[in-house]
Amino acid sequence: RPVFRGCLFRENVATRNGGTIAQPRLTGPQFASGALVVNCVFEGNRAASGGALWIERNGVQIAESTFTENIAQLGGAMTFEFSHSLDLANSAVYGNTATQSQYGGIYSADAGDLRILNSTISNNFGLEEQRGFQLGKFGRGAMWVEFSTILNASYPDATFDRAIDFRGSFYRFYNSIIGGCNVSVTDPDDVVSLGNWYLFDNCNGSANGEPQLGPLRDNGGRTLTYAPLDGSPLIDAASPTGFDGVLAGPDLDEYTSRIDQRRSARPETESDIGSVERQAPAGFSALSLTQRNAVIMLMLRQSGADDES
């Protein structure tokens, strides 16, 4: 299978699909799982569909990676069409833009399951600038979200945009923060298991209020995160058991609900909802010099600092 580890993909341009990686249908048993992407940064790439990634037929597994400032007409960060499943673990997808659709982050159509664990997806923008969905999933397949933070496009200010647009077989949100959604299952009899989750914007008439999160920043680990503030209702509010094993394949076995996005340990009881366990110290981050510099430069630019400082 194609494997990408410790890579920096910056300012690549494709006239069609996939600004950095375009994976058409790959045949043969060695390609059954599709590409594996670990500890990579995708920044400022452009394409017609899938600013950073475009995957067709085969799936992809992604861990400890950052997708930011990528641009496409559809799926600002990544697009999956007729593909197998997407596994996204301990990663961050933020600041991407779709110029001709509402799906600034992740777009999945007629693909397999979408499984998200210990990840942050936020502030991705759609066609109308301050509006749009962070991810959209349509057609076959389920969506599983566990211990993740998926906020609306212009959190904390927006009132019209939604985090998720889902029209598939069934979805499960567990111990996650969801910034509002449009949800439609293809069969009303499908089981929809919500578990413990924290919804702070309108979704089918229910809401939980404000999650009280700090800014998107370096809280330790290899990717940027939102940490709960003092007094946040997320703290110690998670259910003690999760799906675990939601990710497919042995290559991501080390990523479970027993760690947070930063690879810090979660307590067996009284853990926090969302991608960050506030009480746990950040796990050691073995970033390469290139990756560390890339993340630092991103943070400087997004804070308005001079790149040369």
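A quick note: this is a predicted structure, and the numbers were derived from the prediction, not measured.
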Look at the side-chain heavy atoms of Ile, Leu, Val, Met, Phe, Trp and Tyr, link any pair under 4.5 Å apart, and say whether V276 and V145 land in one connected group.
-> no
For the pair S101 (side chain) and Q73 (backbone), establish whether a donor and an acceptor sit closer than 3.5 Å, ignoring hydrogens and angles.
-> yes
Do N70 side-chain atoms and A77 backbone N/O form a donor-acceptor pair below 3.5 Å?
-> no
Which heavy atom of A14 sits nearest a heavy atom of G19, and at what distance?
-> CB-CA, 4.1 Å
Could you point out which residue of V41, I121, I62, N45 forms a side chain to side chain contact (heavy atoms under 4.5 Å, CB included) with F67?
-> I62
Name all residues meeting the side chain to side chain contact (heavy atoms under 4.5 Å, CB included) criterion together with P233; count only those two or more places apart in sequence or in a different chain, and write none if there are none.
-> Y198, Q212
Within-4.5 Å side-chain heavy-atom neighbours: N96 and I71 | no
Would you say the side chain of M78 lies within less than 4.5 Å of the side chain of I55, judging by non-hydrogen atoms?
-> no
Which of these, N118, T256, I259, sits in a side chain to side chain contact (heavy atoms under 4.5 Å, CB included) with R266?
-> N118
Heavy-atom check, side chain of I21 versus side chain of W54, under 4.5 Å | no
Main-chain N/O of A52 paired to T20 side chain as donor or acceptor, under 3.5 Å | yes
Can you see which heavy atom on L216 is nearest to which on S122, and at what distance?
-> CD2-OG, 4.3 Å
Please check if the side chain of R115 supplies one atom and the backbone of M143 the other of a donor-acceptor pair under 3.5 Å.
-> no
Charged N to carboxylate O under 4.0 angstrom, R278 versus D272?
-> no
For F9, what residues pass the ring-ring contact (aromatic ring centres under 6.0 Å, His included) criterion, not counting sequence neighbours?
-> F42
Report yes or no: does N124 contribute a side-chain atom to a donor-acceptor pair with the main-chain N or O of V93 at less than 3.5 Å?
-> yes
Are T15 and V13 side-chain neighbours, meaning at least one heavy-atom pair lies under 4.5 Å?
-> no
Under the side chain to side chain donor-acceptor pair (under 3.5 Å) rule, collect the residues that match up with T79, sequence neighbours excluded.
-> S49
Taking C-beta and beyond as the side chain, do S264 and E277 meet within less than 4.5 Å on heavy atoms?
-> no
For residues L74 and Y103, determine if any side-chain heavy atom of one lies less than 4.5 Å from a side-chain heavy atom of the other.
-> yes
Validation row: L224, R217 side chains within 4.5 angstrom (heavy atoms) = no
Distance col, row Y94:OH vs F125:CZ, nearest 0.5 angstrom, shows 13.0 Å
Do L114 and L88 come close enough that some side-chain heavy atom pair is under 4.5 Å?
-> no
In plain terms, say whether E268 and R258 are close enough for a salt bridge, that is, a side-chain N and a carboxylate O under 4.0 Å apart.
-> no
Mind running salt bridge (Lys or Arg N to Asp or Glu O under 4.0 Å) on R46 and E11 for me, showing each step along the way?
-> CA-CA 7 Å; R46 291 173 174 261; E11 297 180 357; over 6 Å; no
Is there a donor-acceptor pair closer than 3.5 Å between any side-chain N or O of T223 and the backbone N or O of S91?
-> no
Is it the case that S275 and T120 place a side-chain donor and acceptor less than 3.5 Å from each other?
-> yes
For Y255 and E64, does a side-chain donor sit closer than 3.5 Å to a side-chain acceptor?
-> yes
Non-hydrogen atoms of L252 and A63 that approach each other most closely = CD2-CB, 3.8 Å
Determine the minimum heavy-atom distance between I116 and S148, stating which atoms define it.
-> CG2-OG, 3.5 Å
When every non-hydrogen atom of A47 is compared with those of G18, the smallest separation belongs to CB-N, 3.6 Å
Without swapping roles, check the side chain of N175 against the backbone of A238 for a donor-acceptor pair under 3.5 Å.
-> no
Do S176 and E146 have side-chain N/O donor and acceptor atoms under 3.5 Å apart?
-> no
Does the E81 side chain pair with the main chain of Y107, one donor and one acceptor, at a distance under 3.5 Å?
-> no
